[in-house]
Amino acid sequence: MSLNFIEEIVEEDNRTGKWEGRVHTRFPPEPNGYLHIGHAKSICLNAGLARKYNGTFNVRFDDTNPAKEEQEYVDSILRDVAWLAGDVAKDRVFFASDYFGKMYEYAETLVKAGKAYVCDLTPEQMREYRGTMKEPGKESPGRKRTPDENLELLRRMKAGEFEEGTYTVRAKIDMASGNFNLRDPVMYRIVKAHHHRTGDTWAIYPSYDWAHGLEDSLEKITHSICTLEFENHRPLYDWFLNELGLYHPQQIEFARLNLTYTVLSKRKLLELVSGRHVRGWDDPRMPTISALRRRGYPAAAVRAFCDEIGVTRVDSVIDVGRLENAVRGDLNRTAERRMAVLKPLKVVIENWPDGTTEALDAVNNPEDEAAGKRKVPFGKVLYIERDDFMENPPKKFFRLSPGREVRLRYAYFVTCKEVKKDAAGNVTEVVCTYDPATKGGDSPDGRKVKATLHWVAAETAATAEVRLVDRLFNVESPEGDDYLKNLNPKSLELVSDAKLEPSLATADVGRVFQFERLGYFNVDLDSKPGKLVFNRTVTLKDAWAKEQAKGEP
RNA sequence: UGGGGUGUCGUCUAACGGUAGGACAGUAGCCUUUGACGCUACUUAUCCAGGUUCGAAUCCUGGCGCCCCAGCCA
């Protein structure tokens with residue numbers, strides 16, 4: 001197994017003793033939204049590195065902007081990280097806001113050393129002074145103030161004497177740098193908002209660039225892993241820590257995750273929620289971690305997916321089918337099988353004795369013998385899937401049709417004798433006969449059938465609402481300003497009266513089953529005793545659907 | 001346009017001067033009490049042009065494409 005480029009760096013560092021053999025990573029979310037599958041990649045990378053190299057992993061909230069951050073997000077992020085990474089981060093949860101005092105002291109240090117100053121440019125002026133790609137910037141008048149004058153202004157900023165937008169603290173670096181991040185970046189701005197943890201004790205808040213390296217440094221992080229767009233910020237990360245002479249982690253950038261048929265920008269996810277295009281952050285159609293969990297994706301499947309896609313510095317887009325495959329792969333091994341009919345078609349077995357039922361043996365999971373067997377009741381009136389019957393079947397359709405014999409799984413061979421229709425010509429009932437010699441599904445004379453169908457006995461069936469969850473967007477690359485136009489109108493199809501085998505009636509919330517021949521389904525949070533609700537986690541691969549699709553353009 | 005990054009099958013990803021390999025997707029089969037799972041085979045790639053070398057995806061030179069940066073967001 002080959003190493004990814006970050007593992008190579010870590011192993012080289014361990015070899016040379018750069019960090020005395022320590023590996024200490026972190027995941028630093030801003031609590032301004034819910035975590036999504038892209039964050040999962042980062043969590044798996046950072047937590048995985050710590051696990052693999054016997055290191056330490058911190059979760060640290062980068063809560064430096066009280067205008068956007070909320071406790072609700074802190075809580076959801078903690079739940080998501082615990083679900084995905086287990087208790088690796090237990091007792092290792094930190095907050096940037098806990099470091100505000102130290103950060104402020106460091107800021108005074110830089111001001112006293114003449115390396116930072118208070119700037120009184122307005123936001124508009126600051127933009128003008130920054131220059132362009134072609135032209136260097138102009139120096140702020142604040143640059144000429146003495147350290148003592150700057151220190152006094154800084155203290156008055158901290159004391160809350162000024163309004164938002166009036167002053168900033170900036171590092172004195174290079175207004176002519178080709179890298180805009182070095183054109184005297186802002187370290188502090190005045191924000192008069194209530195912070196979810198520090199309340200109203202601060203009137204100034206550190207910017208990302210100023211805060212982030214200090215956070216890493218204070219926590220003795222070794223490898224500070226972030227996404228590619230922060231590469232331009234690394235010189236600044238290094239500058240602050242060098243100027244202050246502090247412990248200095250190594251920033252390493254990797255390519256963020258992109259997925260087909262998915263948007264992953266926080267802004268857009270927030271819009272989907274607040275614009276009511278979905279039912280909430282954990283709507284099973286969302287790419288958020290809480291939605292994947294609600295939908296029945298196993299954490300192990302998400303981890304396997306993150307492993308499989310690799311870690312590089314190349315911009316890439318992963319086929320969302322890879323995620324779905326990882327889920328199928330996990331659930332195939334772990335999920336118990338059940339029979340459920342989503343779109344019922346009534347079947348009457350005309351030679352079955354009236355008023356009698358029979359309990360038949362069914363295997364719970366062919367991939368796991370330890371899962372055992374269960375009894376499924378059979379009777380005179382059954383439901384099969386509407387799609388499993390065709391009056392005039394095309395060539396490659398080998399399910400039930402007039403005159404044809406098929407197997408009902410774990411039950412009997414049945415042969416279609418008659419089709420009943422309503423006035424409009426819709427098939428309302430299929431009449432069959434069964435062969436008593438085929439009990440359990442084997443024919444003693446060795447005759448073959450081309451199809452095996454799932455079924456549910458009408459008399460004992462449980463009823464459920466089933467939410468057929470599909471991709472939220474119907475184009476491969478929905479990103480763009482008009483992404484809402486790409487919403488899939490059929491992303492959620494509701495089935496109100498699915499028929500289930502009775503063993504499903506008492507299934508616990510969260511439990512995932514394979515409904516044979518249909519897909520994996522889990523019991524939704526909304527489910528209550530007597531009012532079952534299932535989500536379709538993911539479909540099974542469907543060779544027949546694919547065959548049919550060939551006929552279409 | 002200044003700065004930074006990055007180009008290998010359709011999509012991900014490996015190969016660290018020595019047989020361009022794997023996964024997903026696709027195609028054709030096999031198997032099957034799930035048209036699932038599993039199994040087999042096949043198709044398809046080094047951005048371009050020069051150079052160095054016995055030998056280049058890899059090293060050098062020059063092009064070209066794509067991504068990021070001009071928030072008091074992160």
Side-chain angles (χ1 to χ4, degrees), chain A residues 1-4 8 28-30 32 62-65 67-69 119 121-123 126-128 130-137 164-170 176-183 185-191 204-205 207-209 211-212 226-235 253 255 260 266-267 308-319 321-322 325-326 328-329 332-333 337 339 362-363 366-367 396-399 406-411 413 438 440-443 448-454 476 514-519 539-547:
Chain A
M1 190 63 188
S2 58
L3 304 175
N4 67 47
E8 281 178 357
E30 184 189 13
N32 68 345
D62 212 358
D63 53 350
T64 57
N65 185 357
K68 290 186 177 176
E69 297 155 6
C119 172
L121 257 26
T122 65
M126 198 181 290
R127 199 179 320 119
E128 288 163 24
R130 189 152 27 230
T132 65
M133 287 180 189
K134 255 186 137 147
E135 302 293 327
E164 288 189 14
T166 53
Y167 289 98
T168 57
V169 180
R170 299 174 70 181
S177 173
N179 182 343
F180 287 107
N181 297 122
L182 299 178
R183 319 249 262 222
V186 170
M187 295 164 58
Y188 279 101
R189 73 283 208 195
I190 297 169
V191 181
I204 57 174
Y205 288 87
S207 63
Y208 167 86
D209 287 307
H212 205 88
C226 60
T227 45
L228 247 27
E229 66 268 28
F230 291 100
E231 180 150 37
N232 294 330
H233 296 247
R234 187 171 22 149
E253 310 84 18
T260 58
K266 274 194 179 182
R267 196 201 98 224
E308 287 161 13
I309 59 175
V311 180
T312 66
R313 292 173 60 86
V314 185
D315 285 311
S316 63
V317 183
I318 308 288
D319 184 343
R322 298 277 295 266
N325 273 338
R328 289 188 189 100
N332 178 50
R333 292 186 300 275
R337 316 280 121 134
M339 290 197 285
V363 173
E367 307 286 323
K396 290 184 178 170
F397 182 90
F398 43 83
R399 279 111 94 143
V406 299
R407 174 168 37 233
L408 295 183
R409 184 149 225 229
Y410 299 127
F413 283 17
T438 58
D442 284 309
S443 59
K448 302 281 187 202
V449 289
K450 294 265 287 192
T452 300
L453 309 186
H454 62 279
E476 204 173 289
Q514 184 193 107
F515 290 176
E516 295 220 20
R517 303 207 306 131
L518 296 175
T539 61
L540 250 27
K541 285 194 195 157
D542 188 345
W544 169 238
K546 207 159 144 184
E547 184 64 40

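Computed over heavy atoms, backbone and side chain alike; hydrogens, waters and symmetry mates excluded. First the proteins, then the strands, lettered A, B, ... as listed; each starts at 1.
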If you take atom types as modelled and just measure distance, does the side chain of A:Q514 reach the base of B:rU34 with a donor-acceptor pair under 3.5 Å?
-> yes

Does a distance-only test, which skips hydrogens and angles, find a donor-acceptor pair under 3.5 Å between the side chain of A:R399 and the base of B:rG35?
-> yes

Sticking with atom P, work out how far B:rU58 lies from B:rU53, rounded to a whole angstrom.
-> 16 Å

Taking OP1 and OP2 of B:rA70, is either one under 4.0 Å from a side-chain nitrogen or oxygen of A:R127?
-> no

Report the distance from atom CD of A:E229 to atom C1' of B:rC69, rounded to the nearest whole Å.
-> 11 Å

In whole angstrom, give me the gap between the P atoms of B:rC31 and B:rU46.
-> 38 Å

Would you mind classifying the nucleic acid contact of A:R337 as base, sugar-phosphate or nothing, using non-hydrogen atoms under 4.0 angstrom?
-> base

For A:R322 and B:rG26, what is the distance between atoms CZ and P respectively, to the nearest whole Å?
-> 13 Å

Span that lies between the P atom of B:rC68 and that of B:rC12, in whole angstrom = 16 Å

Rounded distance (Å) that lies between atom P of B:rC37 and atom CZ of A:R517 | 14 Å

Can a donor-acceptor pair under 3.5 Å be found between the side-chain atoms of A:N332 and the base atoms of B:rC37?
-> no

Atom pair distance, as rounded to whole Å: CD in A:E547 and C1' in B:rU27 = 12 Å

Just checking A:E30: base, sugar-phosphate only, or nothing, at a heavy-atom cut-off of under 4.0 Å?
-> sugar-phosphate

Side chain A:E8 and base B:rC16 donor-acceptor under 3.5 Å | yes

Under-3.5 Å donor-acceptor pair between A:H233 side chain and B:rA74 base | yes

May I ask you to say what A:T64 touches in the nucleic acid, namely base, sugar-phosphate or nothing, with a heavy-atom cut-off under 4.0 Å?
-> sugar-phosphate

Contact class for A:T260 (heavy atom, under 4.0 Å): base, sugar-phosphate, or nothing?
-> nothing

Write down the distance separating the C1' atoms in B:rC9 and B:rG3, rounded off to the nearest Å.
-> 34 Å

Whole-Å distance, A:F230 CZ to B:rU6 C1', equals 19 Å

Under 4.0 angstrom, heavy atoms only, what part of the nucleic acid is A:K396 near: base, sugar-phosphate, or nothing?
-> base

Can you find an N or O donor on one side and an acceptor on the other, under 3.5 Å apart, linking the side chain of A:N232 with the base of B:rG3?
-> yes

Quickly work out the A:R313 CZ to B:rC12 P distance and round it to whole Å.
-> 17 Å

Report which part of the nucleic acid A:F413 touches: base, sugar-phosphate, or nothing (heavy-atom distance under 4.0 Å, all strands).
-> nothing

